Amino acid sequence: MIRGAACFRKLFQSSAVSSEVAAKCYTAQAAVQPAIYSSDEESADIDWDNLGFNLMQTDYMYMTKCSDDGVFRKGQLNRYGNINLSPSAGVLNYGQGLFEGTKAYRRDDGRVFLFRPEQNAIRMQIGAERMCMPSPTTDQFVDAVKQTALANKRWIPPSGKGSLYIRPLLIGTGPILGLAPAPEYTFLVYACPVGNYFKQGTAPLNLYVEEDVHRASRGGAGGVKSITNYAPVLKAMKNAKANGYSDVLYLDAVNKKYIEEVSSCNIFLVKGNVLSTPIAKGTILEGITRKSIMDIAHDLGYTVEERLIEADELISADEVFCTGTAVGVAPVGSITYKGQRIEYKISSDLSCKQFYSRLVGIQRGVIKDERDWIVEIE
């Protein structure tokens, strides 16, 4: 039996978690010290108008552990700081780790909301099964995210100035020498106020199609948010940015002609009234913003399709844009493929701007949330 994953083996035959299994595996929610929450606490001393996507130390982080019985212990909020790891921790030696990304938003009336955090929980559970790890239940995950947001409430930017990026991590912290699942796991959540992900802010992206380096391959872990997916793309990103590009668009590793995703976000093409995005078959991450934009586009009357998209189709697309929790919805101004630079018209009536406007409207409460995407932090 794989240590630490026994009670989760049957859990992920589908993307949904059954309430019966969740109830059995659910552990007590973290005890909250009242002193952590101070509604009168002043906002952090930050230039909210110039937020980038840079690490900024906040006040608290949430942490809980799970040993080989597959049950996460009672978690707690601690002051943000370093954690102790054995040199032989599974995450350090074999990369046994996952991370998620979600955001807390402040509305004009001061109330704070999360956007679809249960989808992050489910995605972590699916990833944990792939990586032979136990994972927190949906309720525990969402509760931990809520607690982390509340404990760092003074770091949440004013409405329209940014958001509090929340980073849940699931890592193998138990010591292990031979190649095997770690004997202990840690689930922790920290947060940081952020603005635009790309240094050029809201300016259109300039992408470079990488033909030799591949982000993921069939049968690998490209479809889950494993930490092992990201370091391998750093060299391609570094080279692209050194040549003036914003990021890299990767092709499939088998045929080397179908687009998959950008280093840290999904990609869409618009042609007429048709919105297309690469099909998720284990090599790309099924982004939560991606799912949301597809639903919004459908509501707005677009034909939405997931399919194999040849890189040559980039030439005839009316517009291209990227989506992700960190990047939001970012229009693409140009893509360079096989030495040819393909330019896209940028205007105020782009489809992606309509989609993003509707998404932000739902998040800010201006547009009715008909799908229960928004979760208020009480």
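On a predicted model such as this, the values are computed, not experimentally measured, just so you know. Residues: numbered from 1 along the sequence shown.
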**OP:** Give a yes or no on whether the ring-centroid distance for F198 and F53 is below 6.0 angstrom.
**Re:** no
**OP:** Verify whether one side chain among T289 and T323 offers a donor that lies under 3.5 Å from an acceptor in the other.
**Re:** no
Subject >> Salt bridge flag under 4.0 Å for residues D69 and R73 >> reply: yes
Subject >> Charged N-O contact under 4.0 Å between D47 and K161 >> reply: no
Original post:
Among all residues two or more places apart in sequence or in another chain, which pass the side chain to side chain donor-acceptor pair (under 3.5 Å) test with S357?
Top reply: none
Original post:
Taking 4.0 angstrom as the limit, do E313 and R307 come out as a salt bridge?
Top reply: yes
Original post:
Under 30°, 30 to 60°, or over 60°: which ring-plane class applies to Y245 and Y208, parallel, tilted or perpendicular?
Top reply: tilted
Subject >> Counterpart residues, side chain to side chain donor-acceptor pair (under 3.5 Å), relative to R167 (two or more places apart) >> reply: Y165
**OP:** May I have the step-by-step check of side chain to side chain donor-acceptor pair (under 3.5 Å) for R364 and S159, ending in yes or no?
**Re:** CA-CA 8 Å; R364 297 184 64 182; S159 178; 3.2 Å; yes
**OP:** In plain terms, say whether K338 and E211 are close enough for a salt bridge, that is, a side-chain N and a carboxylate O under 4.0 Å apart.
**Re:** yes
Original post:
Ion pair present between K345 and D318, side-chain N to carboxylate O less than 4.0 angstrom?
Top reply: no
Subject >> Inter- and intrachain pairs under salt bridge (charged side-chain N to carboxylate O under 4.0 Å, His left out), touching residues 168-192, at least two apart >> reply: K65-E184
Subject >> Y302/F355 aromatic ring centres below 6.0 Å >> reply: yes
**OP:** Identify whether the distance between the nearest side-chain nitrogen and carboxylate oxygen of R123 and E100 falls below 4.0 Å.
**Re:** yes
Subject >> Side-chain ion pair, E260 and K281, N-O less than 4.0 Å >> reply: no
Original post:
Less than 4.0 Å between a side-chain N and a carboxylate O, is that true for D109 and R111?
Top reply: yes
Subject >> Sub-6.0 Å ring centroid separation between F99 and Y230 >> reply: yes
